Amino acid sequence: MDIREQEARNNQNFSQEYTSDFIREIISRDVQEGKNDGRVVTRFPPEPNGYLHIGHAKSIVLNFGVAEDFGGRCHLRFDDTNPEKEEVEYIESIKEDVRWLGYDWGEHLYYASDYFDRLYEFAEELIIKGKAYVDNLSQEQIREYRGTLTEPGRESPFRNRTVEENLELFRKMRAGEFDEGECVLRAKIDMSSPNLNMRDPTIYRIKKVPHHRTGDKWCIYPMYDFTHCLSDSLEGITHSLCTLEFEDHRPLYDWFLDQLDVPCHPQQIEFARLELTHTVLSKRKLMELVRGGYVTGWNDPRMPTLSGMRRRGFTPEAIRDFCKRIGVAKSKSIVDIALLEYCLREDLNRRAPRSMVVLEPLKVVIENYPEDKEEEVESENNPEDPSMGTRKLPFSKVIYIEKDDFRENPPPKYYRLAPGREVRLKHAYYIKCTDVIKDEKGEVIELRCTYDPETRGGWSADGRKVKGTSHWVSARHAVDVEVRLYDHLFTRADPDDIEDGEDFKANINPKSLKILKGCKAEPALENARSGEIFQFLRQGYFCVDSEDSKEGAPVFNRTVSLKDTWAKIERSKKKAR
RNA sequence: UGGGACGUAGGCAAGUGGUAAGCCACCUGGUUUUGGUCCAGGCACUCGCAGGUUCGAAUCCUGCCGUCCCAGCCA
């Protein structure tokens with residue numbers, strides 16, 4: 001059996017297995033019918049003019065995922081036809097993000113600019129076939145001649161130049177003999193088409209701007225519509241997946257491929273781009289947040305960029321899982337960010353070692369515990385995964401617990417510490433609150449408790465039950481750390497839900513970042529390495545910030561909180577009142 | 001009153017003429033040394049609306065309504 005046969009056979013298996021969305025269904029059918037000899041080749045084609053975000057992740061997971069499912073391949077191609085907007089620094093970050101997500105394009109890294117020579121030849125071919133012309137109308141005139149949504153356009157007076165004249169003019173354009181804006185090359189299609197894209201679209205414009213890859217070689221650059229379909233064809237792409245707004249461009253995509261002598265005719269299929277609640281995904285708005293200083297940069301942990309999410313502590317596994325769960329369809333969809341958080345928690349719960357950190361410390365003195373005694377208690381590192389082992393935690397007379405784990409006047413259903421009440425210190429002892437010490441303002445600053453030496457490890461032999469379990473840190477052994485709590489960037493699900501005269505920035509969440517200093521962490525955390533993830537018991541998942549942590553002084557980012565049933569109860573009680 | 005698409009639960013989304021999957025969210029209960037995890041259960045008498053075809057319609061037909069996209073020498 002030769003390789004092609006083997007591939008076809010694999011594809012058959014794949015096609016039976018994967019029919020989970022309309023695109024895979026189409027491809028599956030194509031494969032079964034032997035279209036493209038059963039090959040499947042996709043591509044992810046970013047323009048290197050910005051950072052990748054979670055919306056791009058959907059496209060990456062789709063394109064690489066489809067290729068994987070059908071035993072094909074996926075190319076990474078930079079769509080770099082506009083040197084005014086594109087920069088090399090974006091290329092590296094995009095490659096890094098795709099790799100981080102877990103995908104490998106192998107040998108298949110391409111640039112549209114690699115095809116400039118061939119694209120130029122295609123343009124001449126079009127001219128020779130009488131299907132393109134050099135137009136001297138100004139930009140404004142072109143707009144006027146295009147007509148409107150409801151009225152047909154008019155033909156340019158330059159539309160019927162001879163092939164020879166067009167060829168000569170186009171060559172002069174290439175040679176730099178004209179100024180920017182003096183003329184463009186246009187496809188000769190139909191000025192009265194109801195589809196505006198077909199009203200003689202521009203395919204080459206003059207830009208006397210050096211290109212980040214081709215340098216000064218060109219002063220004319222091809223437009224997207226012309227470039228994309230031909231690049232796809234040149235690479236042997238079989239299925240060109242793009243977002244809904246390109247639906248109207250499909251006739252043009254097909255037109256170029258039909259007019260020209262091309263290697264193959266890929267099929268463009270459109271799907272709905274991802275939108276998420278409580279955030280924005282448009283390049284323009286993201287840029288505005290960065291430029292306006294609303295965030296600290298493109299990799300601010302609150303940003304939906306892949307670099308921001310990476311820094312925040314998201315895992316590629318969680319993002320991939322999310323992208324697969326949201327599905328692929330054609331209806332415009334706004335996915336609840338809670339689903340993303342769910343995927344994250346699910347992944348982190350499995351893999352994050354547990355750790356005790358008191359975010360807002362309240363001092364507790366255990367009166368019947370010997371002054372200078374110290375002991376170690378054993379704690380599991382992850383109840384979900386015993387293979388992660390255990391660790392020793394130091395215990396002593398003075399400890400810290402979470403402020404929120406004590407109430408002088410406990411509300412109903414509150415089963416944490418209160419005067420006279422007993423709770424468990426996780427993995428250590430039961431303690432009972434005997435006294436409350438306040439400062440002159442009446443604020444609780446210290447608790448006096450007693451412990452039951454018979455409850456070591458957090459068990460009681462007499463079968464007595466305690467309802468609450470608190471995390472804690474031994475004061476003498478605690479290390480101070482900085483912790484950053486993040487919340488949604490926007491308070492409203494739809495940031496564009498605004499009053500008259502406002503813009504989306506009016507919905508920025510003023511509490512999207514809360515910095516906590518002097519948090520008390522168990523000793524081992526002092527040496528946590530950049531990027532390392534933890535579950536801070538009863539709080540959430542945290543990772544060591546890669547930018548601001550120093551040796552021995554880690555800064556922790558809250559990736560996502562744990563679900564908090566008690567907070568929910570309190571919230572609903574407040575609402576009911 | 002141009003063209004292209006899309007309307008199934010609070011949010012995604014299956015469904016392709018045989019009597020509404022699944023996930024998130026939400027709500028109940030159970031387990032629990034994390035108010036976490038886990039487990040069990042609930043959550044669309046109905047598929048934008050109105051007619052029609054059919055023994056039978058979310059699926060087919062007709063009409064209507066609503067939402068989104070398109071007038072860059074951006075992608």
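Letters A, B, ... are given to chains in the order of the sequence lines, protein chains preceding strands, and every chain is numbered from 1. Hydrogens, waters and symmetry mates are skipped; everything else that's a heavy atom, side chains included, is used. Treat the numbers as computed from the prediction; the structure is a model and nothing was measured.
With a glycosidic angle no further than 90° from 0, B:rC45 counts as syn. B:rG10 has its base anti relative to the sugar, with a glycosidic angle deviating from 0 by more than 90°.
Distance noted for atom C1' between B:rU67 and B:rA21: 27 Å (whole Å). Annotation: B:rG11 and B:rG3 have their C1' atoms spaced 31 Å apart (nearest Å). When the P atom is compared between B:rU54 and B:rA9, the two are found 30 Å apart, to the nearest whole Å. Comparing B:rU19 with B:rC26, their P atoms are spaced 32 Å from each other, to the whole Å. When the C1' atom is used for both B:rG72 and B:rG10, the distance is 39 Å, rounded to whole Å. The P atoms of B:rG22 and B:rC43 are separated by 11 Å, rounded to the nearest whole Å.
In this structure, A:Asp114 and A:Arg213 have side chains that are in contact, with non-hydrogen atoms separated by less than 4.5 Å.
Side-chain N/O atoms of A:Thr469 include none lying less than 4.0 angstrom from OP1 or OP2 on B:rU32. Contact annotation: A:Lys465 does not reach the phosphate of B:rU32 (side-chain N/O to OP1 or OP2, under 4.0 Å). Using a 4.0 Å cut-off, some side-chain N or O of A:Tyr342 falls inside it from OP1 or OP2 of B:rC24.
As a whole-Å value, the separation of A:Glu346 CD from B:rC39 C1' is 15 Å. Nucleotide B:rC6 holds its C1' atom 14 Å from the CD atom of A:Glu245, rounded to whole Å. Atom-to-atom, CZ of A:Phe322 to P of B:rC23 comes out at 17 Å; the value is rounded to the nearest Å. In this structure, A:Asn195 atom CG and B:rC69 atom P are separated by 16 Å, rounded to whole Å. Atom-to-atom, NE2 of A:His228 to P of B:rG72 comes out at 21 Å; the value is rounded to the nearest Å. Rounded to whole angstrom, the span from the CG atom of A:Asp225 across to the P atom of B:rC70 amounts to 14 Å.
A cation-pi arrangement is absent between A:Arg186 and A:Tyr133 under the rule of less than 6.0 angstrom and at most 45 degrees off the ring axis. In this structure, A:Arg174 forms a cation-pi arrangement with A:Tyr120, its terminal cationic atom sitting closer than 6.0 Å to the ring centre and no more than 45° off the ring axis.
For A:Phe536 and A:Tyr541, the distance between ring centers is not under 6.0 angstrom.
Near-neighbour residues of RNA chain B inside residues 170-194 of chain A, defined by a heavy atom below 4.0 Å, number-ordered: A:Gly181, A:Val184, A:Pro194.
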